Amino acid sequence: MASQRRGAFIVLEGLDRSGKSTQAAALVSRLKTINGENSAKLMKFPDRTTTIGKMIDAYLRSQNELDDHTIHLLFSANRWELVSAINADLAAGITIVCDRYAFSGCAFSAAKGLPYDWCIAPDKGLPEPDLTVFLDLTPAVAKLRGGYGEERYEKEELQRKVRVLFHSIGKQMKGGKWQEIDASSSIEEVEKAIWKHVEPFSDGCTSSINGLWIE
């Protein structure tokens with residue numbers, strides 16, 4: 001008897017202004033064209049529509065101040081409050097394309113000086129993505145893109161540290177679940193490079209969903 005096929009969990013990561021949101025929307029559109037309107041869904045973290053998400057949004061817009069430990073735990077809680085929805089969609093055969101995930105939470109908080117092991121601890125056990133595509137871009141190039149500097153973390157020095165941490169996280173991921181591509185190319189070229197990695201997952205997965213950072 002064949003295994004039941006579920007939706008794939010695809011994450012796009014990268015520095016601010018690396019093109020994640022543009023590419024995530026394009027990817028969802030492509031998957032819907034291939035598999036039908038209800039076959040794919042876009043998700044973004046932080047999800048700024050929830051109660052916790054609204055607190056995070058105010059922080060990112062520099063409208064309030066929070067301790068680094070506090071905001072890190074809020075980011076994690078924002079992911080956990082949507083785990084049931086993620087699992088339900090995947091089980092229903094819907095592929096999720098997620099704009100940022102736990103890797104961002106870890107990279108940004110560790111870049112601010114919090115211990116790496118402490119940063120990943122709250123997110124252990126979250127659904128592990130089937131594939132994470134890291135859109136690699138130097139902070140110097142990102143800084144030239146429109147809107148840069150509008151939010152709290154869009155500072156070149158911090159972004160440099162975050163990039164190093166993203167590369168470190170990627171090296172720890174096993175089984176080809178982390179792929180890096182050059183995000184400095186044209187939108188069309190980046191889209192093509194992303195699809196090369198996503199295409200094998202375009203009709204879903206048969207494997208079970210693992211827990212993130214669980215050995």
Side-chain angles (χ1 to χ4, degrees), residues 1-14 20 23-24 27-28 30-32 34-35 38-47 50 52-53 72-110 114-136 162 165-181 193-215:
M1 183 171 132
S3 299
Q4 184 173 354
R5 189 166 289 276
R6 62 170 173 83
F9 188 20
I10 311 296
V11 170
L12 297 189
E13 284 283 15
K20 296 179 311 306
Q23 293 297 339
L27 182 54
V28 168
R30 185 168 191 167
L31 289 166
K32 286 182 174 181
I34 294 171
N35 298 317
N38 298 319
S39 65
K41 179 180 289 188
L42 177 64
M43 180 172 280
K44 297 183 179 183
F45 284 112
D47 181 332
T50 70
I52 293 172
H72 181 80
L73 294 173
L74 285 174
F75 271 110
S76 180
N78 187 231
R79 291 183 282 273
W80 277 107
E81 65 180 339
L82 292 168
V83 164
S84 294
I86 291 173
N87 286 330
D89 283 339
L90 295 177
I94 300 170
T95 287
I96 295 174
V97 177
C98 192
D99 179 355
R100 290 204 185 283
Y101 196 50
F103 311 111
S104 276
C106 179
F108 278 89
S109 290
L114 297 183
Y116 178 82
D117 287 343
W118 186 90
C119 291
I120 70 171
D123 288 320
K124 284 185 176 181
L126 283 172
E128 182 182 42
D130 297 297
L131 173 70
T132 299
V133 179
F134 175 64
L135 306 186
D136 193 21
V162 169
L165 282 155
F166 268 131
H167 286 311
S168 178
I169 291 170
K171 290 176 181 176
Q172 297 171 28
M173 299 296 287
K174 299 175 182 177
K177 291 190 173 185
W178 182 283
Q179 300 291 337
E180 297 187 1
I181 67 170
I194 291 172
W195 183 247
K196 178 181 176 182
H197 296 297
V198 172
E199 188 173 14
F201 300 93
S202 60
D203 60 349
C205 301
T206 55
S207 61
S208 60
I209 302 168
N210 295 322
L212 181 63
W213 288 318
I214 300 295
E215 293 297 330

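Only a predicted model underlies this, so the values are computations on that prediction, with no experimental measurement involved.
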task = Might you point out which heavy atoms bring Gln179 and Leu131 nearest each other, and give the distance in Å?
result = CG-CD1, 3.8 Å

Residue that, paired with Ile181, satisfies side chain to side chain contact (heavy atoms under 4.5 Å, CB included) out of His197, Gln23, Lys196 = His197

query = Counting only N and O atoms by type, is there a donor-acceptor contact under 3.5 Å from the side chain of Arg100 to the main-chain atoms of Gly14?
reply = yes

task = Could you pull out the closest heavy-atom pair between Ser202 and Glu199, with the gap in Å?
result = OG-O, 2.7 Å

message = Could you tell me if the side chain of Ile209 sits less than 4.5 Å from the side chain of Phe9, heavy atoms only?
response = no

Gap between atom OG1 of Thr206 and atom CD of Gln4 - 0.5 Å precision = 11.0 Å

key: Worked verdict on Ile10 versus Phe201 for side-chain contact (heavy atoms from CB on, under 4.5 Å)   = CA-CA 9 Å; Ile10 311 296; Phe201 300 93; 4.1 Å; yes

query = Does Trp118 have any ring pair (Phe, Tyr, Trp, His ring centres under 6.0 Å) partners at least two apart in sequence or in another chain, and if so, which?
reply = His69, His72

message = Please tell me whether Thr50 and Asn78 have a donor and an acceptor in their side chains that are separated by less than 3.5 angstrom.
response = yes

ask   = What distance separates Cys106 SG from Ile169 CD1, expressed to the nearest 0.5 Å?
value = 4.5 Å

ask   = Does the side chain of Ile86 reach to within under 4.5 Å of the side chain of Leu126, using non-hydrogen atoms?
value = no

inquiry  = Measuring from atom CD1 of Ile52 to atom CZ of Phe75, what distance do you get when rounded to the nearest 0.5 angstrom?
reply    = 11.5 Å

task = Look at the rings of Trp178 and Phe103 and say which category their plane angle falls in: under 30° parallel, 30 to 60° tilted, over 60° perpendicular.
result = perpendicular

key: From Lys32 atom NZ to Ser39 atom OG, the distance as rounded to the nearest 0.5 Å   = 7.5 Å

task = List the steps, then state whether side-chain contact (heavy atoms from CB on, under 4.5 Å) holds for Phe134 with His167.
result = CA-CA 9 Å; Phe134 175 64; His167 286 311; 3.8 Å; yes

task = Tell me, please, which residues at least two apart from Glu180 pass salt bridge (charged side-chain N to carboxylate O under 4.0 Å, His left out).
result = none

key: Smallest separation among heavy atoms of Ala107 and Leu165, with atom names   = O-CD1, 3.3 Å

key: Inter-residue atom distance Asp99.CG - Asp47.CG, 0.5 Å rounding   = 11.5 Å

Show which side-chain atoms of residues 87-97 pair as donor or acceptor with protein atoms under 3.5 Å away, not counting sequence neighbours.
| residue | atom | partner | partner atom | Å |
| --- | --- | --- | --- | --- |
| Asp89 | OD1 | Lys41 | NZ | 3.4 |
| Asp89 | OD2 | Lys41 | NZ | 2.9 |
| Thr95 | OG1 | Ala8 | N | 3.1 |

query = Can you tell me how far the CG atom of Leu42 sits from the CG atom of Leu12, to the nearest 0.5 Å?
reply = 9.0 Å

ask   = Taking all non-hydrogen atoms of both residues, which atom of Asp130 and which atom of Gly7 are closest, and how far apart?
value = OD2-O, 4.3 Å

query = Can you check whether Leu73's main-chain N or O pairs, donor with acceptor, with Ser76's side chain at less than 3.5 Å?
reply = no

message = Within the structure provided, determine whether Phe108 and Cys119 are in side-chain contact (heavy-atom separation under 4.5 Å).
response = no

query = Around Lys177, counting heavy atoms of other residues, nucleotides and ligands shown, do more than 12 lie under 6.0 Å from its NZ?
reply = yes

